[in-house]
Amino acid sequence: VQLQASGGGLVQAGGSLRLSCAASGLTFISYVMGWFRQAPGKEREFVAAISPSGTNDYYGDSVRGRFTISRDNAKNTVYLQLSNLKPEDTALYFCAADRYFGRRRAEDYDYWGQGTKVTVSS
């Protein structure tokens, strides 16, 4: 299984980015896809997740209303639209796959990508 995250970069506060995560080696439509982030010296934090069909999603409190998760099952890809970015959003962002909907703990997710770095300047 490979999860390849991309789209990170340097952006000013208030700006936007779109992250992508291309999956291979798994039956993509069978998995909940999630995004987590980890800032230096901090624990990995749940950001968002989306159901296999794309119908339902849920977010961490710190990003709700600013970030949007989506997926394209035809392309085996999940996206994270980051808007109104703040310096505290600076982190390494990871995509992950889980068999069950509704979970937020990193240890519950089965597969992980390598991460893409987002840096927000003030």
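Index from 1, following the sequence.
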Would you give me the side-chain donor-acceptor pairs under 3.5 Å for residues 49-57, sequence neighbours excluded?
from, atom 1, to, atom 2, distance (Å)
Ser51, OG, Gly54, N, 3.4
Ser51, OG, Thr55, N, 3.2
Ser51, OG, Asn56, N, 3.0
Ser51, OG, Asn56, O, 3.3
Ser53, OG, Thr55, N, 3.3
Ser53, OG, Thr55, OG1, 2.8
Asp57, OD2, Tyr59, OH, 3.3

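- Residue Glu88 qualifies as enclosed at atom CD: its count of foreign heavy atoms under 6.0 Å is above 12.
- With hydrogens and angles ignored, the 3.5 Å screen pairs a side-chain donor or acceptor of Tyr109 with a backbone N or O of Arg103.
- Tyr31 contributes atom OH, which lies 4.5 Å from atom CZ of Arg99 (distance to the nearest 0.5 angstrom).
- Placement of Leu92 and Tyr111 in two distinct hydrophobic clusters is found when ILVMFWY residues are connected by side-chain heavy-atom separations under 4.5 Å, directly or transitively.
- Sparse packing is recorded around CD1 of Ile29, with 12 or fewer heavy atoms of other residues, nucleotides or ligands lying under 6.0 Å away.
- A donor-acceptor pair is defined here as one N or O able to donate and one able to accept, closer than 3.5 Å; such a pair exists between the side chain of Thr90 and the backbone of Val120.
- The hydrophobic cluster containing Phe36 does not contain Leu3, counting ILVMFWY residues as joined when their side-chain heavy atoms lie under 4.5 angstrom apart, directly or transitively.
- Atom-to-atom distance recorded for Leu19:CG and Ile69:CD1 is 10.5 Å, nearest 0.5 angstrom.
- When all heavy atoms of Val1 and Gly25 are compared, the pair lying nearest together is CG2-O, 3.4 Å.
- Residues Leu26 and Ala97 approach most closely at CD1-CB, 4.0 Å, considering heavy atoms.
- No donor-acceptor pair closer than 3.5 Å links the side chain of Arg37 to the backbone N or O of Val118.
- Considering OH of Tyr79 and OG1 of Thr68, their distance stands at 14.5 Å, rounded to 0.5 Å.
- Trp35 is listed as a side-chain neighbour of Val78, based on a closest heavy-atom distance under 4.5 Å.
- Applying the side-chain contact (heavy atoms from CB on, under 4.5 Å) criterion to Arg66, with sequence neighbours excluded, gives Val63, Asn84, Lys86, Asp89.
- Scanning both residues, Arg44 and Ala106, for their nearest heavy atoms gives CD-CB, 4.3 Å.
- A search for side-chain contact (heavy atoms from CB on, under 4.5 Å) contacts involving Arg104 returns Phe46, Tyr58, Arg64, not counting sequence neighbours.
- Geometrically, Arg71 engages Phe28 in a cation-pi contact, judged by NZ or CZ lying under 6.0 Å from the ring centre and within 45° of the ring axis.
- Between Phe67 and Val47, the shortest heavy-atom contact is CD2-CG1, 3.7 Å.
- Considering CE of Met33 and CG of Asn73, their distance stands at 10.0 Å, rounded to 0.5 Å.
- At least one donor-acceptor pair closer than 3.5 Å links the side chain of Gln114 to the backbone N or O of Ala5.
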